[in-house]
Peer 1: 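Once you've had a glance at the structure underneath, I'll fire off some questions.
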Amino acid sequence: QVQLVESGGGLVQAGGSLRLSCAASGDTFSMYAMGWFRQDPGKEREFVAALIWNGGATYYGDSVKGRFTISRDKAKNTLYLQMSSLKPEDTTTYYCASAVAPGAVRAFRQYSYWGHGTQVTVSS
């Protein structure tokens with residue numbers, strides 16, 4: 001079991017920046033990849049970014065490429081998402097997730113563990 005707790009969401013003006021954090025605990029040795037997804041109520045969960053925990057390779061969704069950066073601190077078992085040049089359409093709930101097996105890191109079904117989410121609101 002892996003427990004994930006997100007933090008860092010909030011209200012920011014368009015063009016501003018925020019950094020989300022996701023602290024992992026439990027069986028962290030089993031993590032293959034960690035990712036960020038976002039979702040509005042009633043809509044499908046959208047892939048934002050993913051990172052291979054040991055190798056460090058990163059992947060981004062088209063809507064955030066060039067604006068968001070995913071990173072991790074292995075010593076702290078913490079995943080980050082640095083969000084810059086934020087737009088009102090980035091407003092939604094962001095979720096951290098952990099996958100324990102190799103696979104399609106852009107697919108939310110690949111992930112076994114999820115945090116409760118953190119709200120990001122970008123005002124225009």
Side-chain angles (χ1 to χ4, degrees):
Q1 296 280 336
V2 177
Q3 293 78 43
L4 303 171
V5 178
E6 303 100 334
S7 61
L11 174 64
V12 64
Q13 288 190 332
S17 299
L18 275 178
R19 189 177 79 157
L20 305 184
S21 299
C22 174
S25 60
D27 297 335
T28 57
F29 63 89
S30 67
M31 297 193 301
Y32 169 74
M34 292 189 74
W36 291 98
F37 289 77
R38 61 188 187 186
Q39 185 176 26
D40 284 328
K43 294 188 178 180
E44 190 168 303
R45 199 157 289 194
E46 178 190 2
F47 171 72
V48 176
L51 179 149
I52 306 302
W53 190 248
N54 287 321
T58 58
Y59 306 83
Y60 294 94
D62 290 340
S63 61
V64 306
K65 199 173 297 182
R67 299 189 297 124
F68 291 9
T69 302
I70 190 171
S71 63
R72 72 8 184 153
D73 184 330
K74 291 184 69 177
K76 295 182 179 179
N77 286 323
T78 299
L79 182 74
Y80 302 101
L81 184 69
Q82 179 67 47
M83 306 185 293
S84 302
S85 301
L86 283 162
K87 305 174 182 179
E89 50 263 44
D90 294 318
T91 295
T92 189
T93 304
Y94 286 72
Y95 296 88
C96 171
S98 174
V100 297
V105 296
R106 298 173 184 270
F108 71 86
R109 293 180 180 83
Q110 184 64 29
Y111 294 80
S112 303
Y113 303 103
W114 292 85
H116 290 107
T118 186
Q119 177 68 33
V120 171
T121 303
V122 184
S123 63
S124 57

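From a predicted model like this one, the values you see are computed outputs, not experimental measurements.
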Peer 1: Kindly write out the residues that satisfy side-chain contact (heavy atoms from CB on, under 4.5 Å) with Ser17, not counting sequence neighbours, or none if the list is empty.
Peer 2: Gln82, Ser84

Peer 1: Under the side-chain contact (heavy atoms from CB on, under 4.5 Å) criterion, do Leu20 and Met83 qualify, and how do the steps go?
Peer 2: CA-CA 8 Å; Leu20 305 184; Met83 306 185 293; 3.8 Å; yes

Peer 1: Looking at residues at least two apart in the chain, or sitting in another chain, which of them share a salt bridge (Lys or Arg N to Asp or Glu O under 4.0 Å) with Lys65?
Peer 2: Asp62

Peer 1: Check this for me: Lys74, atom NZ, are more than 12 non-hydrogen atoms of other residues, nucleotides or ligands nearer than 6.0 Å?
Peer 2: yes

Peer 1: Got a sec, which residues hit side-chain contact (heavy atoms from CB on, under 4.5 Å) with Ser85, two or more places apart in sequence or on another chain?
Peer 2: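 Only Arg67 meet the side-chain contact (heavy atoms from CB on, under 4.5 Å) criterion with Ser85.
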
Peer 1: Would you mind listing every disulfide (SG to SG under 2.5 Å) that reaches into residues 94-124, with sequence neighbours excluded?
Peer 2: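 Non-adjacent pairs meeting disulfide (SG to SG under 2.5 Å): Cys22-Cys96.
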
Peer 1: If the condition is salt bridge (Lys or Arg N to Asp or Glu O under 4.0 Å), which residues does Arg19 pass it with, not counting sequence neighbours?
Peer 2: none

Peer 1: Among residues at least two apart in sequence or on other chains, which ones pass side-chain contact (heavy atoms from CB on, under 4.5 Å) with Gln1?
Peer 2: Gln3, Tyr113

Peer 1: Hydrophobic cluster membership, with links at side-chain heavy-atom distances under 4.5 Å among I/L/V/M/F/W/Y: are Val48 and Val120 in one?
Peer 2: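 Same hydrophobic cluster.
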
Peer 1: For Tyr94, what residues pass the ring-ring contact (aromatic ring centres under 6.0 Å, His included) criterion, not counting sequence neighbours?
Peer 2: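 Counting only residues at least two positions away or on another chain, Tyr94 forms no ring-ring contact (aromatic ring centres under 6.0 Å, His included).
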
Peer 1: Once rounded to the nearest 0.5 Å, what's the spacing between atom NE2 of His116 and atom CG of Leu4?
Peer 2: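 Rounded to the nearest 0.5 Å, the NE2-CG separation comes out at 10.0 Å.
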
Peer 1: To the nearest 0.5 angstrom, please state how far the OH atom of Tyr60 sits from the CG atom of Leu81.
Peer 2: 7.5 Å

Peer 1: Restricting to non-hydrogen atoms, name the atom on Val2 and the atom on Ser30 that form the minimum distance, rounded to 0.1 Å.
Peer 2: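 Smallest heavy-atom distance, with atoms named: CG2-OG, 4.0 Å.
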
Peer 1: Same cluster or not: are Tyr80 and Val64 linked, directly or through other Ile, Leu, Val, Met, Phe, Trp or Tyr residues, by side-chain heavy atoms under 4.5 angstrom apart?
Peer 2: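 In one cluster: no.
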
Peer 1: Nearest 0.5 Å, please: how far is CG in Leu11 from OG1 in Thr121?
Peer 2: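 If I round to the nearest 0.5 Å, the distance is 6.0 Å.
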
Peer 1: Which residues pass the side-chain hydrogen bond (donor to acceptor under 3.5 Å, both in side chains) test with Asp73, sequence neighbours left out?
Peer 2: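 Applying side-chain hydrogen bond (donor to acceptor under 3.5 Å, both in side chains) to Asp73 gives none.
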
Peer 1: Drop me the distance from Asn77's CG to Thr28's OG1, to the nearest 0.5 angstrom.
Peer 2: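 With rounding to 0.5 Å, CG (Asn77) is 4.0 Å from OG1 (Thr28).
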
Peer 1: Lys87: which residues meet the side-chain hydrogen bond (donor to acceptor under 3.5 Å, both in side chains) condition with it, sequence neighbours left out?
Peer 2: none

Peer 1: Test question: given the 4.5 Å side-chain rule for I, L, V, M, F, W and Y, name all other residues clustered with Phe108, or answer none.
Peer 2: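 ILVMFWY cluster around Phe108 also holds Tyr32, Phe37, Phe47, Ile52, Tyr59, Tyr95, Val105, Tyr111, Trp114.
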
Peer 1: Should the heavy atoms of other residues, nucleotides or ligands under 6.0 Å from CD of Gln13 be counted, would the total exceed 12?
Peer 2: no

Peer 1: Would you find a donor on one side and an acceptor on the other, under 3.5 Å apart, between the side chain of Gln39 and the backbone of Thr93?
Peer 2: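 Not a single qualifying donor-acceptor pair exists.
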
Peer 1: Can you list everything that forms a side-chain contact (heavy atoms from CB on, under 4.5 Å) with Val12? Sequence neighbours excluded, please.
Peer 2: Leu18, Leu86, Val122

Peer 1: Grab the two heavy atoms, one from Gly55 and one from Arg72, that are nearest each other, plus how far apart they are.
Peer 2: C-NH2, 4.2 Å

Peer 1: Would the distance check show the side chain of Gln110 and the main-chain N or O of Ala101 forming a donor-acceptor pair, the cut-off being under 3.5 Å?
Peer 2: yes

Peer 1: How close do Val100 and Ser112 get, counting heavy atoms only, and between which atoms?
Peer 2: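 Closest pair (atom of Val100, atom of Ser112, distance): CG2-OG, 4.0 Å.
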
Peer 1: Salt bridge (Lys or Arg N to Asp or Glu O under 4.0 Å) with Glu46: which residues, sequence neighbours excluded?
Peer 2: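 With neighbours one apart ignored, the set is Arg38.
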
Peer 1: If I compare all heavy atoms of Pro88 with all of Ser124, which pair ends up nearest, and what's the gap?
Peer 2: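 Looking at all heavy atoms of both residues, the shortest contact is CG-CB, 3.8 Å.
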
